[in-house]
Every structure is written in C-alpha cells, then in structure tokens.
Undergrad: 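Quick one: this structure, given as structure tokens, is what I'll be asking you about.
This one's a predicted model, so the numbers in the text were calculated from it and none came from an experiment. We name chains A, B, ... by the order of the sequence lines, and we start the count at 1 in each one.
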Number of protein chains: 2
Amino acid sequence: MRLNPVLSPTAMSKPADMPSANPLQQLDKQLCFPLYAASRMLTKAYQPHLQELGLTYPQYLVFLLLWQYQELTVKQLGEQLLLDSGTLTPLLKRMEQKLWVSRRRDPRDERSVIVGLLPAGRDLQQRAGHVPEKLLEKLALTPAAFEALRQQLQNLLTQLA
Amino acid sequence: MRLNPVLSPTAMSKPADMPSANPLQQLDKQLCFPLYAASRMLTKAYQPHLQELGLTYPQYLVFLLLWQYQELTVKQLGEQLLLDSGTLTPLLKRMEQKLWVSRRRDPRDERSVIVGLLPAGRDLQQRAGHVPEKLLEKLALTPAAFEALRQQLQNLLTQLA
DNA sequence: ATAAATTTAATTGCAGGCAATTAAACTTTA
DNA sequence: TAAAGTTTAATTGCCTGCAATTAAATTTAT
C-alpha cells in the first residue's frame with residue numbers, strides 16, 4: 001500500500017487494496033478536511049509573527065475587534081467570533097493578566113462584562129501592523145482569488161450558522 | 001456603536017467611531033477568520049451525526065483513512081491529517097480503549113506503530129454511511145461550487161504546508 | 001563495527017473550543 | 001408586584017492541537 005502525502009494530490013494514487021465501499025467516505029472527496037487542515041495551517045502561519053508579540057491567534061482576533069471598537073462586551077465578542085463564554089472567559093482573563101485589556105461589569109446591566117483596551121493592548125496595534133501583509137505574502141493569492149475565496153467562505157459560514 | 005453579527009455581512013455597517021488605522025487590521029477584511037470560523041462551524045455540523053456513533057470529528061477523520069486502508073502507521077496518519085503524535089497518540093489511545101482500533105509496533109521497524117481496525121471499528125463504517133450525505137445537504141452547494149471550493153482550499157493548503 | 005545522525009512515538013505543558021450546568025441580573029407576564 | 005422566563009458570564013470537564021523534549025530504534029557515515 002502506497003500512501004502519498006495529502007499535499008501532493010496530483011500524485012495521489014488509488015489504494016491498491018480494497019477501497020472504501022462508500023466513495024463519499026474518502027478523505028480526499030471531502031470538503032471538511034481541506035477546510036479543517038487549511039484553517040490549522042493558516043493559524044500556524046500566523047504563529048511566528050504573533051509569537052513575537054506574545055499573543056495567540058484567537059487573542060489576535062479579539063484584538064482586531066478591540067482595536068476597531070475600543071470596547072465590546074463578552075457577548076459582542078462572542079457574536080463576532082462565534083465563540084462562547086467557555087472559550088472567551090479564560091482567554092480574556094489571560095489577556096487581562098498581561099494588562100492588555102480590562103474587564104468590568106456594565107453598570108447599566110450588571111450581567112454584561114465590558115472588555116476594553118489598556119495602553120499595552122493599544123500599543124500592540126502598531127507592532128502588529130505588518131502581520132496582515134506578511135500573511136498575504138505567504139498566501140500568494142491574487143486579489144481577485146483572495147476576495148473570491150473570502151466570499152465563498154463567508155457564504156459557507158452563513159449557511160452553517 | 002452598533003455591532004452587527006458577522007453572519008449578516010450585507011447588513012454590516014461601518015463603525016460610527018474611530019475606525020482602525022490600518023484597513024488590513026479589520027476582521028471582515030481577513031481571509032483567516034472566515035476560514036477559522038467556517039471550519040469550526042462545519043465541525044459542529046458533524047457533531048450530532050457523529051455523537052450518535054460516540055465519536056469526535058478528528059476520530060472520524062482517522063476512521064475515513066482506516067476504512068480505506070485498513071491499517072496505517074501513526075506517521076502515515078499524521079502525514080495525511082497533518083497532525084503530530086502529540087495529538088494522535090492520546091486520540092488513538094482513546095479509540096483503542098473503545099476497542100475500535102489496535103495499536104502495535106511494526107515488527108520490521110519497532111519505531112513505527114501500526115494502527116489497525118478492530119471489528120467494532122469496522123462496523124462503524126456502515127453506521128456512518130449517511131454522514132457525508134447529511135453534511136452535503138446542510139452545505140447546500142451545487143456540485144460545481146462544492147468542487148471549486150474544495151479545489152481552492154486544497155491549493156491553499158498546498159501553499160501553506 | 002561503531003559513533004553520529006535521523007526517524008518515530010510518546011510525553012509534558014499550555015491554550016483553545018465546546019457542551020452542559022450554574023448563578024446572578026434583568027424582563028416579561030400573570 | 002411577584003413569579004416565571006430570559007439573558008449573560010462563569011464554571012466544569014473533556015477532547016483536541018501543538019511546541020518542545022525525551023527515548024528508543026534505525027540508518028548513515030567514519
């Protein structure tokens with residue numbers, strides 16, 4: 001049995017022995033797998049750039065929103081990022097420990113927690129300024145291909161959520 | 001400040017207050033985020049179907065390969081799934097505990113661990129037969145759109161790995 | 001043949017994700 | 001207004017992912 005790496009699909013040969021009975025049950029016929037793998041590999045591509053700043057990929061996503069809006073509730077962050085408090089609460093606590101963000105109850109609605117930028121978190125925006133360009137480079141997509149893919153993924157996301 | 005959910009991009013309005021200085025530092029201009037979110041949402045869409053069978057999404061991916069090839073080394077699984085032993089070893093141990101797979105050293109190369117299907121794991125193939133169709137339904141993509149997206153993601157994956 | 005280098009899994013430690021539950025604050029309803 | 005229902009975060013417990021290290025087996029180079 002010869003298995004070729006998933007990264008050279010053109011060189012991928014059929015398995016010599018009994019194939020899967022259900023042709024839809026093949027990894028290389030799935031949409032889910034390239035989506036899953038590409039997402040992880042893209043996150044990994046961010047890693048070296050983000051590591052310099054001491055932050056992780058989901059923390060970076062939180063910052064993208066905070067840099068834009070200055071402050072957001074946990075609920076708003078969750079709506080934008082499609083993450084729940086089980087993920088966000090501990091993540092935000094780690095960001096709070098680093099003095100990047102503040103967390104306080106909304107006085108007008110004590111159920112809500114408002115997450116705001118602290119100076120150190122604000123300063124990170126400049127230092128992270130080169131990150132998008134670096135990644136765009138790595139992707140090596142034309143603007144049109146980039147936008148087309150972004151749009152398809154956005155549609156898929158809308159369909160799934 | 002009004003924030004619209006990420007799922008209604010058409011209704012997304014510009015923030016009323018000071019926008020991000022760097023236009024590339026906006027969540028809705030990124031490719032990374034829809035990829036990241038779509039991947040998680042698609043995994044979540046598998047969840048109810050896989051839960052009936054007692055398996056998780058990455059375990060399902062391992063099964064897709066094992067159903068096709070009967071047995072693979074940890075290294076081969078890692079090459080196909082782009083996962084390392086730090087992820088695979090504990091995952092495979094859990095699958096072993098459920099008597100779905102066997103793990104044994106290759107007698108011809110004691111460094112390698114061969115993962116093989118046990119009867120209970122083999123039986124799961126039939127029971128999981130409907131999963132791809134269910135998901136295809138949920139995606140609501142034409143075959144052409146499905147294939148186009150799959151191809152683009154595969155290309156992205158190749159570029160990133 | 002043996003020392004050095006490489007390959008393969010396992011281990012450790014940390015940070016997500018997420019389902020399910022809990023608790024508190026607020027809103028709606030009777 | 002009191003009770004019931006809803007909303008919002010936090011918590012718990014489990015399963016990934018992944019970087020870094022370790023240990024054993026194998027291969028390569030000397």
Undergrad: CG of B:L42 versus P of C:dC18: gap in Å, rounded?
TA: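 It is 12 Å, rounded to the nearest whole Å.
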Undergrad: Take atom CZ of A:R40 and atom C1' of D:dC15, then tell me their distance rounded to the nearest Å.
TA: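 Going from A:R40 (CZ) to D:dC15 (C1'), I get 14 Å.
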Undergrad: Could you check which of D:dC18, C:dC26, D:dA10 has an atom nearest any side-chain atom of A:E110?
TA: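 Selected nucleotide (nearest to the side chain): C:dC26.
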Undergrad: Nearest whole Å is fine: how far is D:dA19 C1' from A:Q51 CD?
TA: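 So the CD-C1' distance, A:Q51 to D:dA19, works out to 9 Å.
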Undergrad: Between B:K93 and C:dT11, is there a contact of a side-chain N or O with OP1 or OP2 at under 4.0 Å?
TA: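 Yes, B:K93 has a side-chain N/O under 4.0 Å of OP1/OP2 on C:dT11.
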Undergrad: Begin with the C-alpha distance, continue with both residues' side-chain angles, and end with the deciding distance and a verdict on side-chain contact (heavy atoms from CB on, under 4.5 Å) for B:R104 and B:V113.
TA: CA-CA 5 Å; B:R104 61 186 195 285; B:V113 167; over 6 Å; no
Undergrad: With a 4.0 Å cutoff (strictly under), does any side-chain N or O of B:Y36 reach OP1 or OP2 of C:dG17?
TA: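 It does, given that an N or O in the side chain of B:Y36 lies less than 4.0 Å from OP1 or OP2 of C:dG17.
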Undergrad: Keeping B:T89 on the side-chain end and B:S85 on the backbone end, is there a donor-acceptor pair under 3.5 Å?
TA: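 Looks like yes, one N/O pair under 3.5 Å.
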Undergrad: Is A:R103 near enough to D:dA10 that one of its side-chain N or O atoms lies under 4.0 angstrom from OP1 or OP2?
TA: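 Result: yes.
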Undergrad: So does A:T89 get a side-chain nitrogen or oxygen closer than 4.0 Å to the phosphate oxygens (OP1/OP2) of D:dT8?
TA: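 Negative; the distance criterion is not met.
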Undergrad: Is there a donor on the side chain of A:S85 or the base of D:dA10 sitting less than 3.5 Å from an acceptor on the other?
TA: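 Under the 3.5 Å cut-off, the side chain and the base do form a donor-acceptor pair.
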Undergrad: Rounded to whole angstroms, how far apart are CG on B:L81 and P on C:dA9?
TA: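 Rounded to whole Å, this separation is 13 Å.
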Undergrad: Pick base, sugar-phosphate or nothing for B:T43, based on heavy-atom distances below 4.0 Å to the nucleic acid.
TA: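 The residue B:T43 makes no contact with any strand.
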Undergrad: OP1 or OP2 of C:dG16 less than 4.0 angstrom from a side-chain nitrogen or oxygen of A:T56, does that happen here?
TA: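 Yes, A:T56 has a side-chain N/O under 4.0 Å of OP1/OP2 on C:dG16.
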Undergrad: Determine the interplanar angle of the B:W67 and B:F63 rings, folded into 0 to 90°, and report it as parallel if under 30°, tilted if 30 to 60°, perpendicular if over 60°.
TA: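 Geometry flag for B:F63 against B:W67: parallel rings.
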Undergrad: Is B:Q59 near enough to D:dT16 that one of its side-chain N or O atoms lies under 4.0 angstrom from OP1 or OP2?
TA: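 It does, given that an N or O in the side chain of B:Q59 lies less than 4.0 Å from OP1 or OP2 of D:dT16.
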Undergrad: Assess whether side-chain contact (heavy atoms from CB on, under 4.5 Å) is satisfied between B:W100 and B:Q59, documenting all intermediate values.
TA: CA-CA 10 Å; B:W100 287 337; B:Q59 290 170 2; 3.7 Å; yes
Undergrad: Quickly work out the B:Q97 CD to D:dC15 C1' distance and round it to whole Å.
TA: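 After rounding, the gap between these two atoms is 13 Å.
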Undergrad: Please determine whether a side-chain nitrogen of the Lys or Arg among B:K93 and B:E96 lies less than 4.0 Å from a carboxylate oxygen of the Asp or Glu.
TA: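 Here B:K93 does not pair with B:E96 in a salt bridge, since their nearest N and O are not under 4.0 Å apart.
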Undergrad: Rounded to the nearest angstrom, tell me the gap between atom CG in A:L82 and atom C1' in C:dG17.
TA: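 It is 12 Å, rounded to the nearest whole Å.
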Undergrad: What integer distance in Å separates B:R105:CZ from D:dA23:C1'?
TA: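 In whole Å, D:dA23 C1' and B:R105 CZ are 10 Å from each other.
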Undergrad: Using OP1 and OP2 only, check whether a side-chain N or O of A:R94 sits under 4.0 Å from C:dG16.
TA: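 True: A:R94 side-chain N/O within range (under 4.0 Å) of C:dG16 OP1/OP2.
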Undergrad: Under 4.0 Å, counting only non-hydrogen atoms across every strand here, what does B:L88 touch: a base, just sugar-phosphate, or nothing?
TA: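 Since no nucleic acid heavy atom lies under 4.0 Å of B:L88, the category is nothing.
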Undergrad: Look at the side chain of B:R111 and decide which nucleotide, out of D:dT16, D:dT26, D:dA9, has an atom nearest to it.
TA: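 Ranking D:dT16, D:dT26, D:dA9 by closest atom to the B:R111 side chain puts D:dT26 first.
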Undergrad: On DNA chain C, does the nearest nucleotide to A:D109 precede the nearest nucleotide to A:G86 from the 5' side, or the other way round? Give the residue.
TA: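 Taking each residue's closest nucleotide, the earlier one in sequence belongs to A:G86.
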Undergrad: If you only use heavy atoms from C-beta on, which nucleotide in C:dG17, C:dA10, D:dA19 is closest to the side chain of A:K44?
TA: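 Looking only at heavy atoms from C-beta outward on A:K44, the closest nucleotide is D:dA19.
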Undergrad: Taking the nucleotide of DNA chain D with the nearest heavy atom to each, does B:L91 or A:K75 sit closer to the 5' end?
TA: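 So the residue in question is A:K75.
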Undergrad: What's the CG-C1' distance between B:L77 and D:dG17, to the nearest Å?
TA: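 Atom CG in B:L77 sits about 16 Å away from atom C1' in D:dG17.
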Undergrad: Please work out which of the three classes, parallel, tilted or perpendicular, describes the rings of A:Y57 and B:Y36, given edges at 30° and 60°.
TA: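 Plane angle over 60°, so perpendicular.
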